[in-house]
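By convention here, the first residue in the shown sequence is residue 1.
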Amino acid sequence: MDSNFIFEAGVLAQTPRSGIAHFGTGKQSIAEHSFRVMCIGHILASHYKKVNMTKILLMCLYHDFHESRTGDLNALHKKYCHADERSARKDIFDQMSFGSEIMSVLNERELLKTVESKIAKDADILEWIAFLIEQKWNGNKKSDEWIVLAMPKLQTKIAKMVAKQLLVTHPDEWWQKILCIPVI
C-alpha cells in the first residue's frame, strides 16, 4: 500500500547510521545519507554518455531502504549479527507496484558487474568520504585514517577524480564564496 510505504520511508529519517558511533563524531540518518548518495550518483552518471541514469538514481535512493526494518548494522555488528536484507527488501517491495523494478536494480547493484552498479556503489563510498572530510574540519583526528581506508574502494575513474576534488575542498567553500568570506 502506497501510504504504508510513505510512512516507512519516513522511518529512515529517524534511523541513525550506526558506524558513526565508532568514528566518534557526527550524526546522520539513513535518509540524509541516501539523499546525498543520490545527488552524488547523479553527478557521477552525468560524466557518462551511455548509462541508465534512472537505474543509477534508483540504486542510490533505495540501496539502504531495508534498514527501516533491519536497522543499520555496521561492520562490528555484522561480525556478530545477521540481518536478512534480501528478505526485508522483498517484503517491502513486493507490496509496491514498482517493486520488481526496484528489486531488479538492487540485485544488479549487489553484483557490481555493470557500470551503473559501480557508479551507484561509488556514490555510496563518496558520500562516506564527504562525511569524513566534514568531520575532519570539525576536529576529528581519525578522519584521515578512515579516508585512507575508503579511497581504494572506489572503482570508477570519475569517482576517483571527484574524491581528489573533495580532499582539497573545504566543506564551507561553496557558501563562503557566495558571501565573499575568505575560505580558511
[X]-[Y] side chain donor-acceptor pair, cut-off 3.5 Å:
X	Y	answer
H22	H77	no
T114	E108	yes
E127	Q28	yes

Verify same cluster id: V162, I147 (apolar side-chain graph, 4.5 Å):
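In one cluster: yes.
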Count I, L, V, M, F, W, Y as connected when their side-chain heavy atoms are under 4.5 Å apart, and connections chain through other members. Are F35 and I43 then in the same cluster?
no
Check ion pair [X]-[Y] (N to O, under 4.0 angstrom):
X	Y	answer
K55	E116	no
R109	D124	yes
K118	E110	no
R69	E8	yes
K177	E173	yes

Does any N or O in the side chain of S18 come within less than 3.5 Å of the main-chain N or O of N74, such that one atom is a donor and the other an acceptor?
yes
Least distance between heavy atoms, H66 atom then I92 atom:
CA-CD1, 3.8 Å
Residues L154 and D122: closest non-hydrogen pair is CA-OD1, 3.4 Å
When you compare the side chain of D94 with that of R89, does any pair of heavy atoms fall below 4.5 Å?
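Contact flag for R89/D94 side chains = no.
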Answer whether the closest heavy-atom distance between the side chains of T25 and N138 falls below 4.5 Å.
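In short, these two side chains do not touch, never coming nearer than 4.5 Å.
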Please check if the distance between the ring centroids of H42 and H47 is under 6.0 Å.
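Ring centroids of H42 and H47 are no less than 6.0 Å from each other.
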Can you tell me how the ring of F65 sits relative to the ring of F5, calling it parallel under 30°, perpendicular over 60° and tilted otherwise?
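Parallel: the ring planes of F65 and F5 meet at under 30°.
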For the residue pair F23 and W128, categorise the inter-ring angle as parallel (less than 30°), tilted (30 to 60°) or perpendicular (more than 60°).
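Because their plane-to-plane angle is over 60°, the rings of F23 and W128 count as perpendicular.
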